[in-house]
Amino acid sequence: MTANITLIPFELHGDDRGSLIALENQRNLPFDIKRVYYIYATKTGISRGFHAHKNLKQILIAVKGSVEIHCEMHDQKTIYLLDTPDKGLLIEGMVWHTMENFSPDCVLLVLADDYYNEADYIRDYAIFKQGEHV
Ligand code: TYD
């Protein structure tokens, strides 16, 4: 794990009725949410991502099913398995990441600290590697 990748356990309010998780800006989330999106119905064998962000902070949560998040920063590669709604993976800037091995039922919820901005993406791996050395 690097400083820009953090697995965050969420408090589970479970009782005999089932489970509930609450996420609040600046309380158990480290930023104010500006954008929410979710990825679902991912076809078998499809991988997504293949980019880094310059500044964006995001928290990825598998609210249903499972997915692997492959992360790379400064030649350190780590695979995080998201397979339960009670944890989130915080990915900050300059982490090359891919989402792989989605289960067919996976719903991957993403909370972001900023609006969609294509200018914040680095989609070229060679440029990402160059950017790590400046
Ligand atoms: P893309 O960047 O390919 O997704 P992934 O990171 O999963 O590989 O995004 C797919 C499309 O959705 C692309 O046309 C951009 C658009 N999009 C938005 O309009 N808003 C968003 O918040 C996101 C994440 C993507």
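Residue numbers start at 1 and run along the sequence shown. Indexing begins at 1, ligand by ligand and atom by atom, following the structure's order. All values derive from a computational prediction rather than experimental measurement.
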Below 4.0 Å from ligand 1: does a non-hydrogen atom of Glu118 turn up there or not? no
What atoms of ligand 1 come closer than 4.0 angstrom to any heavy atom of Ile39? 7 (O)
So, taking the atom named CG in Leu82 and the one named CG in Leu109, what distance separates them when rounded to the nearest 0.5 Å? 11.0 Å
For the backbone of His51 and the side chain of Arg123, can you confirm whether one donor and one acceptor N or O come within less than 3.5 Å of each other? no
Carboxylate-amine/guanidinium proximity below 4.0 Å for Lys34 and Asp114: yes
Going by a strict under-4.0 Å cutoff (protein heavy atoms only), does atom 8 (O) of ligand 1 have a neighbour on the protein? yes
Pairing of Arg27 and Glu11 as salt bridge, 4.0 angstrom limit: no
At under 4.0 Å between heavy atoms, is it the side chain or the backbone of Phe50 that contacts ligand 1, or both, or neither? neither
Backbone N or O of Phe31 within a donor-acceptor pair of the Asp113 side chain at under 3.5 Å? no
Looking only at non-hydrogen atoms, which of Tyr116, Tyr115, Tyr38, Tyr37 approaches atom 25 (C) of ligand 1 most closely? Tyr116
Would a search of protein heavy atoms around atom 11 (C) of ligand 1 find one under 4.0 Å away? no
What atoms of ligand 1 come closer than 4.0 angstrom to any heavy atom of Arg123? 2 (O)
Looking only at protein heavy atoms, what sits closest to atom 3 (O) of ligand 1 is Arg48 NH2, 4.1 Å
If I apply the N/O under 3.5 Å rule, does Gly49 come out as touching ligand 1? yes
Between Tyr121 and Tyr116, ring centroids under 6.0 Å: yes
I need the atoms of ligand 1 closer than 4.0 Å to a non-hydrogen atom of Arg35, numbered in the order shown. 21 (C), 22 (O), 23 (C), 24 (C)
Got the closest protein heavy atom to atom 6 (O) of ligand 1, with its distance? His51 CE1, 3.0 Å
Asp120 backbone acceptor or donor facing Asn55 side chain under 3.5 Å: no
Check whether Asp83 reaches the backbone of Ser66 with its side chain - one donor and one acceptor, N or O, closer than 3.5 Å. no
